[in-house]
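The structure under discussion appears below in the form of structure tokens.
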Amino acid sequence: MSSRRGLVDRTLRFSTVDGPGNRFVVFMQGCNFNCIGCHNPYTISECNSCGLCVDPCPENALSLDEDHRVVVDRVACTGCEVCIDVCPYDSTPLAEDLDVDELVARIRETAPFLSGVTVSGGEATLQAHFVAELFGRLRADDELSHLTTLVDSNGSAPREVWDLLMPVMDGAMIDLKALDPDTHVRLTGRTNTAVLDSIRYLAAAGKLHEVRLLIVPGYNDDPATMERTLAWLRDVDPDMAIKVIGFRVHGIRPEMSWLTDADPDRIADLADLATSAGFRDVIVV
Amino acid sequence: MEMPEFRTRARQIVEDPTLTFHQRRHHLAYLAENALEYPPLSDAAAEALEKRVICDLYEGAAPYRARYILPDYAKALRQGSAFLELDPPQDLDDALTFLLILYAHVPSITAYPVYFGDLDKLLVPFVDGISDEHLYRSLRRFWLALDRMFPDAFAHMDLGPRDGRIIRTIFRIERELEQVVPNLTFKIDPEVTPDDLIRDAVETVFVNGKPHFVNHPLMVRDLGEEYAAVSCYNSLKIGGGSHTLVRLNLKEVALRHQGTLEDFFTDTLPRYAELTAEIIEARIRYLVEEARFYDHDFLAAEGLISLDRFSAMYGVYGLAEAVDLLMEHQGKDGRYGHDPEANDLSYRITRALKAFVNDRPMPYCEGNAGRCFLHSQSGIDSDLDVTAGTRIPIGDEPEMFEHIVAVTPHHDLFDAGVSDIFHVEDTARRNPQAMVDIIRGALGGGMRDFTFNLATNGFIRITGYLVRKSDIEGFDAHGARHGSTTFAAGSVKNSHVTERNVKRVIARELTPRPGR
């Protein structure tokens with residue numbers, strides 16, 4: 001049986017910021033949210049082969065094949081990302097159609113240097129079968145079974161998807177963009193019913209690695225909002241790990257220019273609220 | 001050197017407002033040594049030295065002490081010293097005082113000791129019944145003395161591989177005091193050293209850029225259990241050391257090469273390799289037979305060093321440029337560190353050098369079965385447009401994983417040390433386990449020496465040694481208390497150390513010419 005294929009934006013051999021220890025990170029292409037503050041908006045959509053990026057490529061690494069699909073000459077490509085800059089559809093022609101075998105081979109090369117593998121995105125759970133097969137392969141492999149498996153997710157997946165992943169996943173890191181549904185819609189384009197349910201479901205199963213609270217000035221950075229969010233989280237699990245992340249404008253889409261960087265002092269104050277609320281594992285980024 | 005020039009230079013040193021009294025005296029001694037004739041060399045060797053194809057690191061024309069000396073401090077603590085009129089110490093504070101006194105009498109190329117011992121092991125017999133607080137206070141006082149009495153970043157201490165409260169206390173003091181001295185090497189044995197202790201060391205690096213990490217099993221394979229890394233990346237035998245360190249500039253060799261690639265391996269490289277060996281041999285013979293260092297020094301008389309544990313260090317540098325030049329000769333544009341063929345060529349060069357050193361008998365080198373140790377020399381402040389040792393050029397390093405994979409095959413060959421430095425982003429500070437993972441992976445994969453530093457702490461790693469950023473900035477106006485800051489100031493001016501990008505690391509090491 002051939003292994004499953006997935007659309008992968010890119011892989012990173014070493015990362016110190018995607019979970020505990022040094023981690024191999026797989027960024028999946030495609031996301032069902034449309035967050036105003038997205039730092040890698042080119043991972044949102046799948047390439048539609050419109051071809052607008054072909055001419056601007058300074059290395060002539062892009063072309064349209066006979067099926068009118070954009071193809072990449074990976075030897076010529078220098079990774080300058082001009083194609084990403086000109087893409088009007090929040091996508092990239094550089095995403096790779098990879099099968100699990102190829103990905104496992106890349107991970108194997110790096111494995112002695114790793115604590116684990118994190119699948120991020122994009123939204124990893126949109127390609128849950130691919131992720132589940134990848135994690136299953138890692139667990140079944142004597143050389144790779146020491147690697148912990150984490151998913152970095154927007155939390156929109158239904159319980160059926162988590163049921164598929166849980167047997168082979170050590171934990172999920174879930175972004176809670178806002179507790180208030182309206183604010184959540186303003187920040188992400190979607191309501192948060194599924195996100196809140198994922199947090200409850202994962203916590204109950206002992207698979208909630210951490211909840212990330214991205215603090216965006218003017219949206220969710222007032223203390224009262226933070227306290228309501230913390231109260232809800234404490235009700236779910238008072239021992240969960242919380243990461244408080246101050247929003248940064250770096251990498252966001254130019255049309256979102258009204259957004260501003262979070263003030264580090266304010267973030268520290270909000271993080272103190274988490275500590276005061278009894279959370280023991282609070283990290284500020 | 002004629003007398004008028006000698007007098008002019010002596011006067012410049014005496015009147016140099018940026019040198020302390022001790023530094024002036026050191027430079028005057030160097031000037032006097034260099035007024036003597038160099039040990040006899042063939043015309044070809046003398047010319048190669050003159051043209052700096054081969055560099056003797058300005059050790060001096062008449063070597064009268066070994067470059068690196070690693071006294072057997074454990075033996076000294078057991079037997080005391082007749083020369084110093086000291087009985088064997090009986091308790092912790094006696095032992096620390098004993099060591100301070102002994103350090104003051106250990107010669108080296110820099111005039112300061114390059115090795116303070118494997119302190120955590122040395123003190124084990126003295127800490128039974130000592131409270132944690134007593135241990136901390138005594139070691140803290142000792143640490144202040146080390147930095148103030150031996151102000152040279154090449155003064156080096158080794159720790160590990162075993163866990164214990166002495167090494168834990170030392171890491172704590174290191175983080176509290178943020179001193180340049182002592183420089184530190186931490187020996188890691190994957191079977192013995194716990195993650196938790198490596199994490200403690202990693203967190204110490206986050207504060208002050210120390211320690212370096214070495215592959216203990218690989219060192220033991222090449223040097224035996226009784227080894228230490230001294231000065232910086234110089235791994236040698238305890239109770240012995242290295243007579244001298246002479247280095248071959250592979251870039252200059254490649255520039256002088258004409259003909260095919262095969263000719264490089266059968267003619268050009270062996271020719272210069274032998275000239276390097278000739279210079280090393282001449283220096284060793286002078287030191288041992290004429291200056292008779294090992295006949296008169298009390299360390300030898302008391303058995304704290306013995307000639308049969310010495311060898312010499314055969315250094316190489318400029319591998320990156322040599323590889324790129326040889327690729328160009330063949331009409332190829334692959335670069336060292338990036339192109340598989342260029343990397344393979346680099347391994348072929350270092351293997352050829354290793355074979356040469358292994359086949360070339362060297363007098364008074366019983367510490368390595370009558371052969372030199374091979375060493376990847378990490379640079380000095382006057383190096384321009386040439387990359388240290390076997391490193392990938394500054395600013396041209398690939399990502400960390402590719403970087404490690406590219407340089408690791410060299411590490412097996414360099415028994416006397418090899419340095420590759422990794423600069424990591426500040427985000428690692430929140431995730432020390434990530435660095436533990438990388439260190440374990442790197443050493444497990446065959447790296448011998450591993451050094452990393454963060455972009456943001458108050459120290460700057462010039463080559464292997466550290467200086468405070470604030471010391472460099474103030475140097476021109478005021479001079480500096482640490483001898484090594486003088487070298488670092490030159491290194492910063494001659495390169496772009498302070499302007500580098502994250503993970504971009506400059507590469508210079510070791511004592512350049514004093515009295516410039």
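Order of the sequence lines fixes the chain letters, A, B, ..., with proteins taken first and strands second; residue numbering starts at 1 for each chain.
Residues Thr16(A) and Glu425(B) form no side-chain contact, since every pair of their non-hydrogen atoms from C-beta on lies 4.5 Å or further apart. Between Phe113(A) and Met400(B) there is no side-chain heavy-atom pair separated by less than 4.5 Å.
Rounding to the nearest 0.5 Å gives a distance of 10.5 Å between CD1 of Ile404(B) and OG1 of Thr110(A).
Heavy atoms of other residues, nucleotides or ligands lying less than 6.0 angstrom from CG of Asp333(B) number 12 at most. Enclosure of atom CZ in Arg162(B) is not indicated, since only 12 or fewer non-hydrogen atoms of other residues, nucleotides or ligands lie within 6.0 angstrom. Surrounding CZ of Arg430(B) are more than 12 heavy atoms belonging to other residues, nucleotides or ligands, all under 6.0 Å away.
Closest heavy-atom contact between Asn22(A) and Asp437(B): N-OD2, 2.8 Å.
Judged purely by atom type and a 3.5 angstrom limit, Asn431(B) has no side-chain atom pairing as donor or acceptor with the backbone of Pro20(A).
Ranked by heavy-atom pairs under 4.5 Å with chain B, the list Ser115(A), Gly21(A), Ala111(A) is led by Gly21(A).
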